[in-house]
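The structure presented is a predicted model; accordingly, all values stated were derived computationally and were not measured.
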Amino acid sequence: MEPASAMPPQHSLPGTTPALRALCVVAFLTFVPGSVLAQTRPLGPLTYEEQAPLQRIGYTHETERADVVGKGAAQAYLAIGYTNIFQEDSTASYFLSLDLERLLTSVGVRYGVSDALEVGGRLSWETSGGGLLDGFLDGFHRTLHLPNADRNLRPNGRYSQRLEDARGVPLLDVPRRTLALVDARVSVKWQARATTDGRNAWSVRGVARIPMQDNRAGAQRADASLMVIGRTSWDRWHVHTTLGAATVRAAADYDGLIRPSSWFGDVALERNFAPWISGIVQYSLATPRARGFHDRALDGWPGNLVLGVAGTMGPTWSWDVSFQEDVPPSTPSVDFTLGIGVRRSW
């Protein structure tokens, strides 16, 4: 199979300039209706997990709060991420074609073994296909004269999730899935420090991931991750941070092409609009899974800017809604993700 002709690097769909994006973030966080708030409890960070196909070869971290649920308490949560992905790139050594929409649905539980220790578990399902948003996004880009990444040259509703070498041998070939169980996770979180005034908290969390679905190039194996999670609060402002590492135990087919481990980090800035609702901006960055391709579309560092709001409904329910944009755009990150998180505590 002859490799496809070289194509220019692709760009993300939201084509805002850095200056406009920064202005939106400032306006988003500085508007507070009503009177000045006293010390309020944090409601973030936003629900987030990397959706990029190349990154999902191994463990992908989910955002996590530094606080634990407490002794004898329990929490159930639902996380939904809907993603539109378009990226095509080729060189003399590979051809990449990603054109799909994915719905990732995760359901998890946590239980407080003690005041400083909780255990948890999570199952995730994936539904993928051509999707419905291609025509809308193409028209949106043309109307606002935004970068379109050659979407208009491809038919709407097309599905492709494939990476080939120069001989046409698939390195990654993920089929369409309908409510396929993709992985199971178990976790332990220990709160190493929490101040009595509630302004600071630090935790250590360990996660084991067991893959339930394989791509067509070879089986994945179980991954493990360890992370440190922090939070610092000032009145109505809160900063959430995460720094962690994980193994990447992909199949032997990927030897030399996939890093054996990865690093990841998050930072989120939250401001309470009222005691029951917050505005949040956060940024996540991770090491790429692929290596040795010398092309940012495959082995660049994927970063994601996430904007959204988080709130509560009564004493037991909490929620968040977010929009995710890839920053920088010419990396393995995805173009567009709408995220929703819902939690119920007992």
Side-chain angles (χ1 to χ4, degrees), residues 41-51 56 59-83 102-127 177-191 194 198 201 203-213 222-225 227 229 231 238 240 242 244 266 268 270 275-278 280 282 284 306 308-322 324 337-346:
R41 66 189 179 100
L43 305 177
L46 298 167
T47 300
Y48 162 83
E49 183 174 339
E50 176 63 70
Q51 299 279 3
R56 296 190 68 83
Y59 172 87
T60 51
H61 80 283
E62 55 185 333
T63 49
E64 182 72 18
R65 299 179 178 183
D67 305 278
V68 294
V69 297
K71 183 177 181 179
Q75 183 185 87
Y77 65 92
L78 170 68
I80 298 174
Y82 191 79
T83 301
R102 177 199 292 123
L103 176 67
L104 184 68
T105 305
S106 300
V107 176
V109 294
R110 313 170 192 270
Y111 177 75
V113 178
S114 70
D115 288 333
L117 184 68
E118 74 174 37
V119 295
R122 193 193 89 165
L123 297 175
S124 296
W125 291 266
E126 177 184 317
T127 298
R177 291 169 175 167
T178 302
L179 279 178
L181 180 62
V182 290
D183 67 30
R185 304 187 183 194
V186 293
S187 63
V188 176
K189 184 164 70 172
W190 170 59
Q191 189 161 70
S203 296
V204 178
R205 185 174 189 244
V207 182
R209 168 186 174 268
I210 305 167
M212 299 294 180
Q213 292 282 331
D223 289 314
S225 175
M227 66 199 78
I229 310 161
R231 175 183 55 77
H238 314 276
H240 309 269
T242 302
D266 304 307
E270 172 184 356
W276 57 274
I277 190 168
S278 289
I280 303 171
Q282 65 190 47
S284 296
V306 191
V309 292
T312 59
M313 296 179 293
T316 58
W317 288 91
S318 60
W319 56 270
D320 66 89
V321 178
S322 64
Q324 171 188 323
T337 298
L338 175 65
I340 300 173
V342 180
R343 292 164 292 278
R344 170 69 158 88
S345 301
W346 290 268

Donor-acceptor under 3.5 Å ([X] side chain, [Y] main chain):
X    : Y    : answer
E126 : V182 : no
K189 : R65  : yes
T63  : Y48  : yes
R177 : R102 : no
R344 : T316 : no

Between E49 and R185, does at least one N-O distance fall below 4.0 Å, as a salt bridge requires?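 The answer is yes: the pair qualifies as a salt bridge.
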Answer yes or no: is there an ion pair linking E118 with R205, defined by an N-O contact shorter than 4.0 Å?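 Answer for the salt bridge query: no.
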Before giving the answer on side chain to side chain contact (heavy atoms under 4.5 Å, CB included), spell out for V207 and H61 the whole-Å C-alpha distance, their side-chain angles and the decisive distance to 0.1 Å. CA-CA 9 Å; V207 182; H61 80 283; over 6 Å; no
For [X] versus [Y], what's the shortest heavy-atom pair and its separation?
X    : Y    : value
D67  : A201 : OD1-CB, 3.9 Å
E270 : G44  : OE1-N, 3.0 Å
Y111 : A74  : CD1-CB, 4.3 Å
L179 : T127 : N-OG1, 2.9 Å
A310 : I280 : CB-CD1, 3.8 Å
A66  : Q191 : O-NE2, 3.2 Å

Full working for side chain to side chain contact (heavy atoms under 4.5 Å, CB included) between V68 and W190: CA-CA 8 Å; V68 294; W190 170 59; over 6 Å; no
Polar contact flag, side-chain donor to acceptor under 3.5 angstrom, [X]-[Y]:
X    : Y    : result
S318 : R343 : yes
T337 : T83  : yes
H240 : Q282 : no

As an exercise, state the distance from [atom1] of [X] to [atom2] of [Y], rounded to the nearest 0.5 Å.
X    : Y    : atom1 : atom2 : answer
T105 : L123 : OG1   : CG    : 12.0 Å
L104 : E62  : CG    : CD    : 10.0 Å
L43  : S278 : CG    : OG    : 4.0 Å
D115 : K71  : CG    : NZ    : 6.5 Å
R41  : W276 : CZ    : CH2   : 13.0 Å
D320 : L46  : CG    : CG    : 5.5 Å

Can you list the steps and then say if D183 with R122 is a side chain to side chain contact (heavy atoms under 4.5 Å, CB included)? CA-CA 8 Å; D183 67 30; R122 193 193 89 165; 3.7 Å; yes
With side chain to side chain contact (heavy atoms under 4.5 Å, CB included) as the test, would you mind laying out the steps for W319 and V321 before giving the verdict? CA-CA 7 Å; W319 56 270; V321 178; 4.2 Å; yes
